[in-house]
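Below: the structure, in structure tokens.
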Amino acid sequence: MQHVYITDFGRHDGEEVQVKGWLYNRRSKGKIHFLQIRDGTAIAQGVMRRGNVPDEVFETADRIGQETSVVVTGTVKEDARAPGGYELQLTGLEVVAEAQEYPIALQEHGPDFLLTHRHLWLRSKKQAAIMRVRHRVSMAIREFFDGRGFTLLDTPMFTPAACEGTTTLFEVDYFEDEKAYLTQSGQLYAEAGALALGKVYTFGPVFRAEKSKTRRHLTEFWMIEPEVAYADLDDIMQLAEDFVCHIVQDVLEKNRKDLVDLERDMERLEAIKAPFPRITFEEAHELLVKLGLDHEAGDDFGAPHETALGEAFDGKPVFVHRWPKEIKAFYMKRDPDNPDYVLGVDMIGPDGSGELIGGSQREDDLELLLSRIREEELPEEAFQWYIDLRRYGSVPHAGFGLGLERTLGWICGREHIRECIPFPRMLHRIYP
Ligand code: 4AD
Ligand code: MG
């Protein structure tokens, strides 16, 4: 008998097939069991009628608990009322391993309980849907950059110095009294890559010892960082806009069923089309004040400010560019029209998703970069290689970083981004 995955039922209408999976749920009505079977690709309804299977099989189906692993056989039948459009008229069921009393019932549990059982929680319909969307977004990202001639550059996880501020560094013991830090961003290495290869991107985990317990913060998350030689601030805003549109379109096209399972408002995503509005930091400040929010001129934005800005433009992400230099990183290029500002940009997403992208044009002037490193009291020795990039054929260059889990939180409509990574790492949580 042919083993078939549930997502492929459409190609097997009328055929008797085998499905290998787990019992997700069961309802019984007299002489019929409705068995929800999941196989990792989707969930299908299997209908078992007494008389169509041996009596002991019918009784086994009545007895086994949720998440028992089973191999079932049955005929695929198109049925508009069935979830997924097909049901399986069961002719056989074989138990592979009976599950003990399953801790995660199909009704509500608190977040702590679910996070402690993350290894099992991943089997739930919505969680599996998020993981499939995560896979899709990862593929869309690789296709996007590959299609534009970028080279994927894998940057190190152990680094000798900070990239995004010294307060969020995880320190680790390296050999012989040496200290190393888990990388906060691959950007500085991506800059070296861009000067070698023109257009590069990194795609990997980064670490922030962030003591914030918000719904948008993880201590380990994945970032995608393109870096382009001879690009300026406008060029990378354009790149970021094309990039985000591509990701959203690809998920809408290929993972519609997952978005339905997640009860995501699809019209909100369909409205994500270029161009995205672009405003300066000063304009953003004025807008916040006009909207009645408390915001001191020159201060960084907090969560409520980001949420308000993300809602202010008809559900479209907004670029906020040209920031006060005090609140941005040392490597951002000063604005030639106003030295109090840097050519940085954040893209703030709608639906409460917050800052999805942070980027900038980079300081390409040797002396200005040195003075910024000294002002921030960063260890100059550890940055010599980075400063070299300004000594040997410096060029204007720019790039940005997109947070994968924040982007997924937005696309999947999740309140907390911890659901958007298989095993989240947060303040006070490292199990399982
Ligand atoms: O704004 P950030 O800190 O920028 C950088 O790291 C730059 N080096 C990127 C670059 O220019 N190449 O981080 C970039 C993005 C944020 O916009 C956000 O989406 C995400 O990373 N991010 C986090 N996601 C989850 N948890 C956290 N603690 C995050 N911190 C930042
Ligand atoms: Mg940022």
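In listed order, ligands and their atoms are each counted from 1.
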Is there a polar contact, in the sense of an N or O pair closer than 3.5 Å, between Glu210 and ligand 1? yes
When you compare the side chains of Arg391 and Gln384, does any donor N or O come within less than 3.5 Å of an acceptor on the partner? yes
Of the protein's non-hydrogen atoms, which lies at the shortest distance from atom 6 (O) of ligand 1, and what is that distance? Arg208 NH2, 2.9 Å
Can a side-chain donor-acceptor contact be found between Glu210 and Thr219 if the only test is distance below 3.5 angstrom? no
Any donor-acceptor N or O pair under 3.5 Å, side chains Arg118, Gln127: yes
Strictly distance-based, threshold 3.5 Å: is any side-chain N or O of Arg256 a donor or acceptor partner for the main-chain N or O of Leu252? yes
Assess, by modelled atom type and distance only, whether the side chains of His135 and Ser138 contain a donor and an acceptor separated by less than 3.5 Å. no
Could Asp242 and Arg148 be called an ion pair, given the rule that one side-chain N must be under 4.0 Å from one carboxylate O? yes
Does Leu402 reach ligand 1 with a nitrogen or oxygen that is under 3.5 Å from one of the ligand's nitrogen or oxygen atoms? no
Is it true that Glu67 and Tyr24 share a donor-acceptor pair across their side chains at a distance under 3.5 Å? no
Rounded to the nearest 0.5 Å, what's the gap from CG on Leu378 to CZ on Arg372? Could you check? 9.0 Å
Can you find an N or O of His217 that's nearer than 3.5 Å to an N or O of ligand 1? no
Carboxylate-amine/guanidinium proximity below 4.0 Å for Asp265 and Arg268: no
Report the member of Phe221, Trp222, Tyr331, Trp410 with the shortest heavy-atom distance to atom 27 (C) of ligand 1. Phe221
Is the shortest N/O to N/O distance between Gln184 and ligand 1 below 3.5 Å? no
Mind checking whether Tyr201 contacts ligand 1 via backbone (N, CA, C, O), side chain (CB onward), both or neither, at a 4.0 Å heavy-atom cut-off? neither
Restricting Glu355 to its N/O/S atoms, the closest one to the Mg ion (ligand 2) is OE2
What part of Glu405 sits under 4.0 Å from ligand 1 if we count only heavy atoms: the side chain, the backbone, both or neither? neither
Ligand 1 contact on Met426 by region, counting heavy-atom pairs under 4.0 Å: neither
Is it the side chain (CB and beyond), the backbone, both or neither of Ile417 that lies under 4.0 Å from ligand 1, heavy atoms counted? side chain
Tell me whether Ser360 has any N or O atom under 3.5 angstrom from an N or O of ligand 1. no
Determine the sole option in Arg429, Arg208, Arg425, Glu405 for which the side chain to side chain contact (heavy atoms under 4.5 Å, CB included) test with Leu218 is passed. Glu405
Suppose I only count heavy atoms of Gly403 and a 4.0 Å limit; which atoms of ligand 1 are within that range? 15 (C), 19 (O), 20 (C), 21 (O)
Contacting atoms of ligand 1, where contact means under 4.0 angstrom from a heavy atom of Arg362: 10 (C), 11 (O), 12 (N)
Donor + acceptor pair across side chains of Gln45, Gln36 (<3.5 Å): yes
Pull out every atom of ligand 1 sitting under 4.0 Å from any heavy atom of Ser185, numbered as shown with elements. 6 (O), 8 (N)
Heavy atom to atom 17 (O) of ligand 1, shortest distance: which of Met223, Glu191, Glu355 holds it? Glu355
The atoms of ligand 1 lying under 4.0 Å from a heavy atom of Gly358, numbered in the order shown, are 1 (O), 9 (C), 10 (C), 11 (O), 17 (O)
Indicate yes or no: does an N/O atom of Leu356 lie under 3.5 Å from an N/O atom of ligand 1? yes
As an exercise, identify every atom of ligand 1 less than 4.0 angstrom from a heavy atom of Gly359. 11 (O)
Quick check: does any side chain N or O of Tyr102 sit under 3.5 Å from a backbone N or O of Leu120, one acting as donor and the other as acceptor? yes
Taking side-chain hydrogen bond (donor to acceptor under 3.5 Å, both in side chains) as the criterion, tell me which of Glu191, Glu367, Glu363 meets it with Arg390. Glu191
Which ligand 1 atoms are under 4.0 Å away from a heavy-atom of Glu225? 7 (C), 8 (N), 9 (C), 10 (C), 12 (N)
Out of all atoms in ligand 1, which are within 4.0 Å of some heavy atom of Ile357? Include the element for each. 17 (O)
Here the atoms of ligand 1 under 4.0 Å from any heavy atom belonging to Arg216 are 25 (C), 26 (N)
